[in-house]
Amino acid sequence: MRPDLVDLAYLLAAILFVIGLKGLTRPRTAVRGNMLGALAMLFAVVATMLHQDIISWTGLLIAMGVGSVLGVVLALKIEMTAMPQLVALFNGLGGGASVLVAGAWLSGKEFSEKLASGNGFMDALTATAASGLIGAITLSGSLVAFGKLQELKFVKDISFPGQRILNLLLALGSIGVGYLMVVQPENAQLWFWLLAITATTLGVFLVISIGGADMPVVIALLNSYSGLAASATGFVLNNNLLIIAGALVGASGLILTRIMCVAMNRSLWAVLFGKMQSGGTMLSDDEVYANVKSTSPEEVAMMLEVAQNVLIVPGYGMAVAQAQHTVRDLTNLLLKKDIAVNFGIHPVAGRMPGHMNVLLAEADIDYDRLKEMDEVNAMMDQVDVAIVLGANDVVNPSARTDPNSPIAGMPIIDVDKARTVIVVKRSLSPGFAGIANPLFAADNTMMLFGDGKQAISEVTKALNEG
Amino acid sequence: MRPDLVDLAYLLAAILFVIGLKGLTRPRTAVRGNMLGALAMLFAVVATMLHQDIISWTGLLIAMGVGSVLGVVLALKIEMTAMPQLVALFNGLGGGASVLVAGAWLSGKEFSEKLASGNGFMDALTATAASGLIGAITLSGSLVAFGKLQELKFVKDISFPGQRILNLLLALGSIGVGYLMVVQPENAQLWFWLLAITATTLGVFLVISIGGADMPVVIALLNSYSGLAASATGFVLNNNLLIIAGALVGASGLILTRIMCVAMNRSLWAVLFGKMQSGGTMLSDDEVYANVKSTSPEEVAMMLEVAQNVLIVPGYGMAVAQAQHTVRDLTNLLLKKDIAVNFGIHPVAGRMPGHMNVLLAEADIDYDRLKEMDEVNAMMDQVDVAIVLGANDVVNPSARTDPNSPIAGMPIIDVDKARTVIVVKRSLSPGFAGIANPLFAADNTMMLFGDGKQAISEVTKALNEG
Amino acid sequence: MFVLTFAVQTIVEELPVVVETLEKTAEATDGGANHLILLLTVFALAVFLGVEIITKIPPTLHTPLMSGSNAISGIALLGAILAAGGDNGTWAHMLGYAAVVFATMNVVGGFVVTNRMLAMFRTRK
Amino acid sequence: MFVLTFAVQTIVEELPVVVETLEKTAEATDGGANHLILLLTVFALAVFLGVEIITKIPPTLHTPLMSGSNAISGIALLGAILAAGGDNGTWAHMLGYAAVVFATMNVVGGFVVTNRMLAMFRTRK
Ligand SMILES: NC(=O)c1ccc[n+]([C@@H]2O[C@H](COP(=O)([O-])OP(=O)(O)OC[C@H]3O[C@@H](n4cnc5c(N)ncnc54)[C@H](OP(=O)(O)O)[C@@H]3O)[C@@H](O)[C@H]2O)c1
Ligand SMILES: NC(=O)c1ccc[n+]([C@@H]2O[C@H](COP(=O)([O-])OP(=O)(O)OC[C@H]3O[C@@H](n4cnc5c(N)ncnc54)[C@H](OP(=O)(O)O)[C@@H]3O)[C@@H](O)[C@H]2O)c1
């Protein structure tokens, strides 16, 4: 196919991507939006395969077949709870691809022709360096994030004195090497791979010291980077589709990052470089938890029986326990008994933005019952029983009361203002922010210890029998 | 300045335009948004003046000075009520400029060089033809629209049998001539001016038969065209700023057109080519208006005195009477007497979208009192007195009740459902749709005949004294 | 009428030429067509962007939007400046100067009147 | 350490060269810089467009958005195909094939998993 026809196909694909993304703005059109995106990609791939420069198809088809099978298997096998890891992994692969493409370009025909012609081509070289730099950071950063979320043994939170200085040096080093690459095109390959190694190391050190609770932010940010890397590759290859698609992804990642930071009331800088100071007025757990009362599924069932208005606040624990279907059963039972049930969804509950929505949707729970934080807080005084299911940080009142708390100022769901609070979790251990939660010891709180799924199904049974 | 620096300046200007437009999305940032737009334009003009191809400044500065003075004078002298005309006029000038620029390009240096080189340059020629075609339609169409709105004597609603066929022929003719221009670049000038003449004639005939009530739609559409013409000129001159700015304007015009069509419940096609059939179950005015009751300012004042909830529905008549300040005084007086006052704003009240908002804003009436149609209709049964001030079509209940009415299905403000309705207008003559209004004869309606400003100020006086 | 007949005749005669010209254009602009597509891409993106932004503008601001975007459409002024100020011969200059006056009126008048309208919105808090 | 010292040394030595190269680039790309700016324009518009669209996406759909946009970022696949399928020598081919596998996983896996998530939203009315 003639290059200009390919470009035309790319333009159409770009438009399809935009329309697909617009489809994602409403639940009703979202499936179609995603499919349009996939279609756009297919279209672009076919157009590229027909490009006149492509001399052989066999290898390409095999490679794509392998990639597709691996991708589909991962995508279908993964538990919904492990979604964050999967996105991190895919993201790393995308970043890696950008690095490899930039590297391949440097040892390809076009590059050697340009070099031989003696004309300057600084813009393409700069874009190559950018693509290598951003792509490598994305690759290693995402893999480290994957390891942390998957709780792989060998990936620990590592931080040591001088880490920031090391990071700064690595960053400066990468930029310096990139600069060398641009001014010494004859040695471009050498400098490029050196750049890739430096940036990979930088990616590891940048992410390794960030706590698990902040991983979602990191993933969104790395997602944005992988888009920017693709854009940079687009500048290298003079390909407008790469530029556009990359820019869309870059924007999307940045906005998600911003949304999460706002919801946690922390700056991006603090997430990336600030250590979560382990808490101001640090009381020992024994002090905080002196008056904890625990309860039994039967007692909870009795309380629910006489309630008129129940609020369920799910958190990461619901995802871990895979308790969403059990929750659905409890909800239906309560509704049959004419008890109002709502869900209070905190914007950063779980490990990804919108994580709870996906899980509850999986269990077929009615969209209208999911209320946003502000809405639930406004009607909290009418709630008879609030069930906190595997949530912790997002209902921690010290965010409101203790100005020295690491999560001070983060908006929370004020379950402590409900008449009675039942907290379902396995122990008194802290959530991802790693701090104690005075809610557990409040006068109107009772703990129902146990695995989320188990506990809820016992409550349902008791309610059914009672 | 080197061409690439100029291009860079254009990119910055384009970004400023986008940011400026984003500013227009909120009243609080709108002034700044408009200024950013003006700044972007200034920036772009300065960059263009510094372009290396510009050989003399004197003439340019003089021409721009003349244009600026004329523009500023018109902009500052115009009454707010005449805004639609002004926009139409400016719009026509913009379209005209596109035609002239395309014509100048055809007799300029670049064109003769391209022609001499013997290389094909169909894309540029096509863009030139498009620019001439769209620009000329915009020019003449806008001027006709201006004439109609300004109620110039010699611009009448003209329609004659075979007009559609003539329009079709003119359209086909324009396209044919444009085609000739592209394939015979040696005669490009001849064909271009022939094209311009045909398209100008087409513009006149397209708009001349459209009724005055539909003028705002036409203006929005022509506004969109003038943007597209600028974009086409951008393709001719290879200028990305023209393309971007033109596309933004094109989109804006199209969306406004759509909004208006939806608010009137008519298709764009019907607006442009359908005649407003003069009304289905056409009762004579005498029949409709048999039971009209009229009232006096004093009586109205007495009714207001005992009301608790007053709704004012302004329409084009308020604009004509310039009654907005008087209305403000009445509002303040009522508020002082602890009577609630709201304004019901129909989306197509007046002659431009948002027309009423601008006028009421001019009179400093509190933003929060302006309610949209749906909101007022929902609370209509609590309204004690509804004052319809120079509105007619937008409160005509036949839109709801008479399926054969030309405005059937158009959403209206249901003042007829208020306890008492006072209609302020000069006579029983119809509004812009040209149809009778059964509201005037309803049992709960009383007419207060007179000029809007005069009538309202008399009511205010009576209320003050009473 | 004469013009019309002549035009139709010429169109028919020219038909074979167009194919050839099209091919010439395609060849001559290898890499240049690419450029054209880039321009089209810019256009398409700007249209989408315009739609997204404009649909967010509340009804209150529709009149200022109309006059404001009208002012922006006077951007043809840049083309007018290049035509009038370049090395282009008298006829092109004359057209260019007329275009400069028209476009400047559109631009300056449009922004000023929009500002006048918007200033009214500002006085209220 | 050695690499670092070497790098710093080279940077200092090369400084005069860069000015020259910059100028060469500028000259050589007269009209080409134009092209670069067009690409930048496309980038800027796409970023703005992305921001406008994404800010409209409701929180419920944020997880699918994340995985969906992640799939789109695998667009580097196109570059990978060109690198692996073109006339580029073994080393470039090897890199290219690896990139094709990685990017395809990202793209295909990303779209499939997003679809899986979104399908859940659809079952409810
Ligand atoms: N969603 C996002 O996008 C996002 C982004 C950035 C950061 N974050 C962070 O992630 C955290 C989310 O808060 P969260 O309240 O949802 O979760 P959380 O604070 O991490 O607490 C989760 C709780 O679930 C319990 N749990 C774990 N497995 C369980 C099981 N099988 N059954 C029952 N309970 C179980 C744990 O207690 P036990 O071990 O005692 O059972 C734990 O206290 C916040 O700190 C937030 O800032 C989220
Ligand atoms: N706003 C838009 O964007 C837009 C767009 C497209 C179409 N339109 C059309 O424009 C019309 C707007 O409806 P509308 O109800 O606002 O206006 P209208 O139906 O045109 O009626 C205006 C009324 O004001 C009265 N009037 C005129 N001068 C007056 C004065 N000095 N004092 C008091 N009354 C005066 C006239 O009656 P008298 O002569 O008896 O006084 C007339 O009946 C609709 O048909 C709509 O479809 C508007």
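In this text, all values refer to a predicted model and were calculated from it rather than measured experimentally.
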Proximal component of Leu82(C), with respect to chain B [non-hydrogen, under 4.5 Å]:
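It is both, since atoms from each part get that close.
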Heavy-atom contact with chain B under 4.5 Å, split by part of Leu40(C):
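Looking at Leu40(C), backbone and side chain both touch chain B.
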Heavy-atom proximity to chain C below 4.5 Å, by part of [X]:
X         : result
Ile219(B) : both
Ile255(B) : side chain
Leu237(B) : side chain
Tyr10(B)  : side chain
Ser226(B) : both
Ile78(B)  : both
Ile259(B) : side chain
Val18(B)  : both
Met41(B)  : side chain
Leu60(B)  : both
Pro353(B) : both
Met83(B)  : side chain
Arg26(B)  : backbone

Restricting to non-hydrogen atoms, name the atom on [X] and the atom on [Y] that form the minimum distance, rounded to 0.1 Å.
X         : Y        : result
Glu372(B) : Pro59(C) : OE2-CG, 3.9 Å
Ala220(B) : Met66(C) : N-CE, 3.6 Å
Leu61(C)  : Leu24(B) : CD1-O, 3.0 Å
His355(B) : Thr63(C) : N-OG1, 3.4 Å

As an exercise, state the distance from [atom1] of [X] to [atom2] of [Y], rounded to the nearest 0.5 Å.
X         : Y         : atom1 : atom2 : answer
Arg28(B)  : Leu118(C) : CZ    : CG    : 14.0 Å
Met49(B)  : Ile81(C)  : CE    : CD1   : 6.0 Å
Lys22(B)  : Ile54(C)  : NZ    : CD1   : 11.5 Å
Thr114(C) : Asn34(B)  : OG1   : CG    : 5.0 Å
Lys56(C)  : Leu21(B)  : NZ    : CG    : 11.5 Å
Ile345(B) : Thr60(C)  : CD1   : OG1   : 8.5 Å

I need the residue from [options] with the largest number of non-hydrogen atom pairs under 4.5 Å to chain B.
options                                : result
Gly68(C), Ala71(C), Pro58(C)           : Pro58(C)
Val42(C), Asp87(C), Val47(C)           : Asp87(C)
Pro64(C), Gly50(C), Ser67(C), Ser73(C) : Ser73(C)
Ala76(C), Gly74(C), Ala44(C)           : Ala76(C)

As an exercise: rank [options] by heavy-atom pairs under 4.5 Å with chain C and give me the winner.
options                                  : value
Leu42(B), Thr58(B), Val87(B)             : Val87(B)
Leu89(B), Leu248(B), Ile55(B)            : Ile55(B)
Ser112(B), Ala63(B), Gly95(B), Gly227(B) : Ala63(B)
Gly253(B), Ala230(B), Ala247(B)          : Ala247(B)
Thr233(B), Val73(B), Ile244(B), Leu74(B) : Ile244(B)
Val236(B), Leu241(B), Val66(B)           : Leu241(B)

side-chain contact (heavy atoms from CB on, under 4.5 Å) evaluation trace for Val249(B) with Asn70(C)
CA-CA 7 Å; Val249(B) 176; Asn70(C) 180 247; over 6 Å; no
Got a sec: does the CD of Gln189(B) have more than 12 other heavy atoms crowding it under 6.0 Å?
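Yes, the 6.0 Å shell around CD holds more than 12 heavy atoms from other groups.
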Residue among Ile243(B), Asp123(B), Asn239(B) satisfying side chain to side chain contact (heavy atoms under 4.5 Å, CB included) with Leu39(C):
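It is Ile243(B); the other options fail the test.
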Are a donor atom and an acceptor atom from the side chains of His62(C) and Asn357(B) found within less than 3.5 Å of each other?
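No - no donor-acceptor pair under 3.5 Å links their side chains.
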Distance-only, no hydrogens or angles: does the Ser69(C) side chain make a donor-acceptor pair with backbone N or O of Ser252(B) under 3.5 Å?
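Not a single qualifying donor-acceptor pair exists.
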Do side-chain atoms of Asn88(C) reach the backbone of Lys109(B) as a donor and acceptor pair under 3.5 angstrom?
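Between the backbone of Lys109(B) and the side chain of Asn88(C) there is a qualifying donor-acceptor contact (under 3.5 Å).
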All N/O donor-acceptor pairs, side-chain side in residues 94-112 of chain C, below 3.5 Å, sequence neighbours left out:
from      : atom 1 : to        : atom 2 : distance (Å)
Thr104(C) : OG1    : Val100(C) : O      : 2.5
Asn106(C) : ND2    : Phe90(B)  : O      : 3.3

